[in-house]
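A short worksheet on the structure shown next.
Note that ligands are numbered from 1 as they come in the structure, with each ligand's atoms numbered from 1 the same way. Just so we're clear, the structure is a prediction, and the values are computed from it rather than from any experiment.
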Amino acid sequence: MTSRFAQRLTGGMIIAAGAALAVFLVDGRIDGAAITLVGAIAVLLAAIGTREDGPAPPPAEDADGSILVREVLDAIVEPVLLVRAGTVTFGNGAARALLGSHIVGEDVRVAIRHPAAADRLASSVPASDRPVELVGLGSPDQRWEMRTGDTSDGARIVHLIDQTGNYAAERMRVDFVANASHELRTPLASILGFIETLTDEAGEDPAVRTRFLKVMFDEARRMQRLVEDLISLSRIEAEKYRLPAEIVDLAVLIADVRAELLDVAGDRARDIAATIDPGVHGIVGDRAQLSQMLHNLIGNAMKYGRGGTPVTIRLAADRPNTIRLSIADESEGIAPEHIPRLTERFYRVDAGRSRSLGGTGLGLAIVKHIAERHRGRLDIASRVGVGTTVSVTLPAAEAVSSKGNADVTQARA
Ligand code: ADP
């Protein structure tokens with residue numbers, strides 16, 4: 001294809017030749033025509049050389065791509081390096097933050113300083129697709145996946161992908177399955193053992209049979225509670241991003257839960273006292289989940305609080321548009337090192353005590369998920385030898401509806 005430059009040059013040459021011919025015909029002198037021709041060509045070349053019709057040229061390229069390419073690489077949140085002949089020629093912002101700002105110009109094995117990375121980067125054969133796992137780069141518990149690729153002009157691109165979060169999530173999943181299986185296997189083994197004993201001669205003795213059946217019943221109930229809590233947890237997690245839409249009056253709900261506990265928890269439920277701030281209105285919530293939250297928190301205060309001491313529920317306005325629900329007990333309290341871990345699934349301060357009191361180790365994990373679904377926050381404060389206060393702060397109904405939640409407006413109408 002003829003370039004624009006060649007087209008303009010050819011057109012100009014024809015005009016210059018035409019001008020020279022005209023001078024020759026008018027003047028009849030060959031030297032005048034020659035001077036005209038040379039002059040016209042000179043003017044033409046100068047004009048073509050200085051005029052630019054197209055867009056400005058791209059910035060000059062350096063060893064590894066234009067400024068634009070560098071800007072694109074800098075915008076990538078994960079570390080990316082360009083390497084030529086084993087030397088780092090460019091590192092984006094994330095790479096400099098992870099490995100240091102001095103990496104450009106360094107041998108890439110020195111820049112990354114990880115044995116697994118060094119093996120892959122030392123090889124001159126084209127990079128394979130297989131990623132390399134780098135553990136401990138940056139900080140001891142960080143995990144990276146290193147991928148490399150070769151460019152057509154012989155540079156190597158090194159891309160580091162942070163897998164720390166994924167790895168932690170996978171480890172949590174594996175631990176959860178292992179813990180849940182263990183928690184279910186223990187009562188199941190106990191039930192099977194008692195069935196075996198009852199089918200032997202022990203089953204003949206009515207007193208022994210009654211005692212064994214009671215143990216089997218308790219163990220089966222324990223499995224049932226665990227399965228129910230596991231189902232609750234997965235349901236709440238599945239609904240995590242779906243905002244609740246009912247208006248729930250927490251004062252009414254507290255009274256309902258208290259009445260239910262008086263029916264099932266006997267004397268200890270009489271220790272429950274509730275103080276409700278009259279200025280507090282409803283919240284936008286899921287009634288069944290909020291009831292479960294109250295059952296779990298009041299249940300814990302009754303279980304771990306000293307018998308006969310009060311379990312105090314308070315409902316009060318907190319910061320603007322926020323309601324604080326707190327449940328306080330009097331007990332030996334919880335040592336500070338345990339507090340950050342109490343919402344982990346199956347974490348217990350004293351597993352034996354929790355089991356003997358009917359605990360599953362999932363109650364506070366469920367509460368935390370319910371609070372998060374309601375855009376609330378869970379706080380646990382405890383003083384050893386004094387007691388524990390668990391608080392949940394939740395947005396008041398007005399705060400949620402004023403943000404334009406159509407369902408809420410409908411529910412309030
Ligand atoms: P559990 O079913 O074991 O009660 P939770 O998830 O509800 O499980 O609580 C986790 C652990 O936190 C409990 O095993 C217990 O050690 C501790 N805990 C929770 N609430 C209280 C409380 N009010 N007082 C003292 N310890 C508590």
Could you check if a side-chain atom of Leu134 sits within less than 4.5 angstrom of a side-chain atom of Arg143, using non-hydrogen atoms only?
-> no
I need the nearest protein heavy-atom contact for [atom]: residue, atom name and distance, please.
| atom | value |
| --- | --- |
| atom 3 (O) of ligand 1 | Ser354 OG, 2.6 Å |
| atom 12 (O) of ligand 1 | Leu342 CD2, 3.3 Å |
| atom 7 (O) of ligand 1 | Asn300 ND2, 2.8 Å |
| atom 5 (P) of ligand 1 | Leu364 N, 3.6 Å |
| atom 4 (O) of ligand 1 | Tyr304 OH, 2.7 Å |

Could you tell me, atom by atom, which parts of ligand 1 come under 4.0 Å of a heavy atom of [X]?
| X | value |
| --- | --- |
| Leu362 | 6 (O), 8 (O) |
| Thr360 | 2 (O) |
| Gly361 | 1 (P), 2 (O), 3 (O), 6 (O), 8 (O) |
| Val349 | 16 (O) |
| Tyr347 | 10 (C), 11 (C) |
| Lys303 | 1 (P), 2 (O), 4 (O) |

Mutual orientation of the aromatic rings belonging to Phe194 and Phe212 [parallel < 30°, tilted 30-60°, perpendicular > 60°] | perpendicular
Which is closest to atom 23 (N) of ligand 1 in terms of heavy atoms, Ile334, Thr388, Asp329?
-> Asp329
Start with the C-alpha gap between Arg185 and Glu219, add the side-chain angles, then the distance that decides, and say whether salt bridge (Lys or Arg N to Asp or Glu O under 4.0 Å) holds.
-> CA-CA 11 Å; Arg185 198 178 55 182; Glu219 294 294 303; over 6 Å; no
Contact (N/O only, under 3.5 Å) between Gly363 and ligand 1 = yes
State whether the shortest distance between N or O atoms of Ala365 and N or O atoms of ligand 1 falls below 3.5 angstrom.
-> no
Residues Glu372, Lys240; criterion salt bridge (Lys or Arg N to Asp or Glu O under 4.0 Å); working and verdict = CA-CA 8 Å; Glu372 281 173 359; Lys240 195 172 172 174; 5.4 Å; no
Do we see a donor-acceptor contact under 3.5 Å between the side chains of Glu106 and Thr87?
-> no
Please confirm whether Arg353 comes under 4.0 Å of ligand 1, counting heavy atoms of the residue only.
-> no
Mind running salt bridge (Lys or Arg N to Asp or Glu O under 4.0 Å) on Asp350 and Arg348 for me, showing each step along the way?
-> CA-CA 5 Å; Asp350 178 342; Arg348 292 134 151 159; over 6 Å; no
Salt bridge (Lys or Arg N to Asp or Glu O under 4.0 Å) between Arg314 and Asp277: does it pass, once the steps are laid out?
-> CA-CA 8 Å; Arg314 281 199 184 84; Asp277 182 338; over 6 Å; no
From the options Val367, Val264, Leu261, select the one residue that forms a side-chain contact (heavy atoms from CB on, under 4.5 Å) with His295.
-> Leu261
In plain terms, say whether Arg173 and Asp175 are close enough for a salt bridge, that is, a side-chain N and a carboxylate O under 4.0 Å apart.
-> no
Asp150 backbone acceptor or donor facing Arg156 side chain under 3.5 Å = no
